[in-house]
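Okay, structure first, notes after.
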Amino acid sequence: MRILSFTAGAGEMLCGSCIRDNALARSLAGRGHDVRLVPLYQRSRTDETSVSENRVRFGGISVYLQHAAPLFGAVPGLDRILDSPALLGLVERFSSSTDPTRLGPLTVTTLEGDRGPARRAVEALAESVRDAGPDVVVLPNSLLLGLAGPLAAATGAPVVVTFSGEDLFLARLPSGDRDRALGLMREAAGAAHHFVGVTEHHARGMADTLGIPDERVSFVRLGVDPEGYPLNPKSTPAAEAATGAREVTIGFFSRIAPEKGLDRLARAALQLAGQPEAPPLRVRAAGWMSRSGKGYLEEIRRLFAADPSPVSFEYLGEPDHAEKIRFLRETDVIGIPATFPEPKGIPAIEAMMAGTPVVVPQQGAYPALLDRAEGGVLAKSSEPADFAAALSQLVLHPERRASVGERGFRRVREEHSLDRMAEDAEAAFARAIAA
């Protein structure tokens with residue numbers, strides 16, 4: 001197949017959707033498909049080898065200016081200047097462009113497609129791929145449904161739209177913008193030929209929201225490249241299994257932001273440390289953090305400093321790929337008490353790939369993920385007390401921690417490999433082409 005795939009870049013942020021889009025494109029190319037991965041809006045970052053093109057299409061600056069002042073769309077060639085890597089890179093350093101509370105009107109403009117103020121940007125995007133000749137066009141999320149019709153008309157190919165967490169973004173929009181956006185998404189859904197969800201939970205929820213019948217929706221599981229990960233599961237020394245005396249490290253690997261729940265993990269760890277049978281504990285966190293997240297991180301540091309328990313805390317920054325694997329491998333348990341129904345769960349898959357068991361809340365993508373991979377424990381909720389109870393099942397019992405980690409290590413390679421993800425995608429794309 002000739003696949004024209006777009007990825008919605010998030011600038012300087014290392015986002016799960018960018019990692020997933022890049023990994024899928026690499027895997028499909030490795031299976032003999034002709035794949036183009038084109039970034040939209042901002043540059044795309046991944047901690048693995050990137051296969052996306054350098055040039056950004058439908059750039060965030062030009063789209064915003066056409067939204068704010070439509071006359072900008074009438075200036076010939078301006079979009080190429082505004083979408084230059086140097087200018088986009090400069091703006092990305094100081095923007096908060098993924099904040100839903102500020103992006104309602106711009107979201108509506110994007111969904112209006114070639115009927116709205118950004119008509120010139122939409123037409124330029126369609127014109128840039130008119131001669132690409134793909135068998136299928138892939139959009140990275142349903143907030144870009146306004147592009148489906150113009151891209152289908154320009155290329156003559158079916159358009160497949162990915163569900164990748166849009167409901168969380170929509171929920172945080174101001175109510176008027178949210179209602180308008182949902183209305184436009186339902187209207188534009190008819191221009192797309194097929195939809196794929198990265199998890200069953202999210203695919204079903206978004207399909208119901210947009211009124212899309214089951215036969216137009218497929219599930220394309222998330223896959224992680226095992227390259228660089230350990231070849232064998234962890235082993236637990238007999239002495240540790242007998243005494244449980246070694247210091248246990250509870251890790252957090254995700255974006256450093258309140259919705260990802262590092263503060264809840266901190267409180268859960270401190271509660272667990274207060275139990276008489278608890279071993280010495282430390283908490284280590286790693287992940288991307290925005291400039292606005294520094295205050296949140298300081299609150300967590302103060303939380304540990306004010307508690308009389310000897311639990312230590314360390315933030316390691318944003319690791320590169322090798323550092324990420326080493327961090328996950330050296331950690332005893334990974335806990336991610338997100339405050340929302342997680343639509344993807346890539347860090348949990350990566351932790352299990354490293355042989356480390358996970359504790360995650362019983363919501364979103366996690367129940368189905370652990371049902372397949374069997375590499376962790378579900379907490380009743382992300383509240384500190386419930387999360388502490390779930391953590392205790394692994395922290396206080398080294399033998400169970402080792403067995404759960406080993407099971408996840410083996411099962412995640414069967415259920416969430418790059419090949420399994422690519423096979424799912426091939427089947428979904430074939431359905432779109434056949435239809």
Side-chain angles (χ1 to χ4, degrees), residues 1-10 15-59 80 83 85 122-142 144-145 147-164 191-198 216-227 346 416-435:
M1 279 183 266
R2 298 189 70 182
I3 302 166
L4 175 59
S5 183
F6 294 98
T7 182
C15 75
S17 294
C18 299
I19 293 172
R20 178 261 180 195
D21 295 343
N22 187 77
L24 178 58
R26 284 176 54 220
S27 183
L28 288 167
R31 293 167 67 88
H33 300 289
D34 181 356
V35 186
R36 283 182 64 188
L37 185 62
V38 180
L40 296 177
Y41 197 68
Q42 293 183 352
R43 295 174 303 157
S44 176
R45 274 196 71 203
T46 176
D47 64 355
E48 298 177 336
T49 301
S50 175
V51 296
S52 71
E53 296 182 355
N54 289 327
R55 181 186 167 192
V56 175
R57 313 296 175 97
F58 200 66
R80 291 188 67 89
D83 295 346
V122 176
E123 291 174 347
L125 172 64
E127 187 62 32
S128 72
V129 297
R130 186 173 300 280
D131 299 325
D135 296 308
V136 64
V137 177
V138 185
L139 285 173
N141 64 69
S142 59
L144 294 169
L145 268 167
L147 305 179
L151 288 172
T155 63
V159 175
V160 175
V161 178
T162 309
F163 293 136
S164 60
H193 299 76
H194 204 71
F195 294 81
V196 297
V198 296
R216 291 177 60 201
V217 183
S218 296
F219 164 51
V220 176
R221 76 194 67 203
L222 294 165
V224 170
D225 188 351
E227 181 69 28
I346 293 175
H416 289 279
S417 68
L418 285 187
D419 277 343
R420 289 298 295 270
M421 178 168 63
E423 288 169 5
D424 288 349
E426 288 168 343
F429 297 164
R431 290 178 66 183
I433 294 168

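For the numbers below, each heavy atom of this structure counts, side chains included, while hydrogens, waters and symmetry mates do not. Each residue takes its place number in the sequence, starting with 1.
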**OP:** With the side chain counted from C-beta on, respond yes when E426 and H33 share a heavy-atom pair under 4.5 Å apart, and no when they do not.
**Re:** yes

**OP:** To the nearest 0.5 angstrom, please state how far the CZ atom of R31 sits from the CE atom of M1.
**Re:** 9.5 Å

**OP:** For I3 and D34, run side chain to side chain contact (heavy atoms under 4.5 Å, CB included): C-alpha distance rounded to whole Å, both residues' side-chain angles, the deciding distance at 0.1 Å, then the answer.
**Re:** CA-CA 6 Å; I3 302 166; D34 181 356; over 6 Å; no

**OP:** Determine whether the side chains of S52 and S50 contain a donor N or O and an acceptor N or O closer than 3.5 Å.
**Re:** yes

Original post:
Does S417 reach the main-chain N or O of V224 with its side chain, forming a donor-acceptor pair under 3.5 Å?
Top reply: no

**OP:** Go through the structure and list residues passing side chain to side chain donor-acceptor pair (under 3.5 Å) with H193, not counting sequence neighbours.
**Re:** none

Original post:
Heavy-atom distance under 4.5 Å between the side chains of V160 and L139, does that happen here?
Top reply: no

Original post:
How many angstroms lie between CZ in R221 and CD in E423, if you round to the nearest 0.5 Å?
Top reply: 8.0 Å

**OP:** Go through the structure and list residues passing side-chain contact (heavy atoms from CB on, under 4.5 Å) with E53, not counting sequence neighbours.
**Re:** R36, V38, P39, R57

**OP:** May I ask you to decide if A132's main-chain N or O and R2's side chain share a donor-acceptor pair within less than 3.5 Å?
**Re:** yes

Original post:
Is L125 close to L151 at the side-chain level, that is, under 4.5 Å between some pair of heavy atoms?
Top reply: yes

Original post:
V196 versus V217: any side-chain heavy-atom pair under 4.5 Å?
Top reply: no

**OP:** Would you please say whether a donor-acceptor pair under 3.5 Å links the side chains of R130 and T155?
**Re:** no

**OP:** Would you check if P150 and E123 make a side-chain contact, meaning some heavy-atom pair closer than 4.5 Å?
**Re:** no

Subject >> Side chain to side chain, L4 and V138, heavy atoms closer than 4.5 Å >> reply: no

Subject >> Trace of the side chain to side chain contact (heavy atoms under 4.5 Å, CB included) decision for L40 with L144 >> reply: CA-CA 10 Å; L40 296 177; L144 294 169; 3.8 Å; yes

Original post:
Hey, are the side chains of F429 and L28 touching, using non-hydrogen atoms and a 4.5 Å cut-off?
Top reply: yes

**OP:** Could you please spell out the steps behind the side chain to side chain contact (heavy atoms under 4.5 Å, CB included) verdict for T162 and V198?
**Re:** CA-CA 8 Å; T162 309; V198 296; 4.2 Å; yes

Original post:
Taking N141 for the side chain and A8 for the main chain, is one N or O donor matched with an acceptor at less than 3.5 Å?
Top reply: no

Original post:
Rounded to the nearest 0.5 Å, what separation is found between the CZ atom of F6 and the CG atom of D21?
Top reply: 12.0 Å

Original post:
Is there a donor-acceptor pair under 3.5 Å between the side chain of S27 and the backbone N or O of A23?
Top reply: no

Original post:
Looking at NE2 of H416 and CG of D225, how far apart are the two atoms once the value is rounded to the nearest 0.5 Å?
Top reply: 15.0 Å

Original post:
Say you draw a straight line from OG1 of T46 to CZ of R20; how long is it, rounded to the nearest 0.5 Å?
Top reply: 12.5 Å

Subject >> Donor-acceptor pair, side chain of N22 and main chain of V51, under 3.5 angstrom >> reply: yes

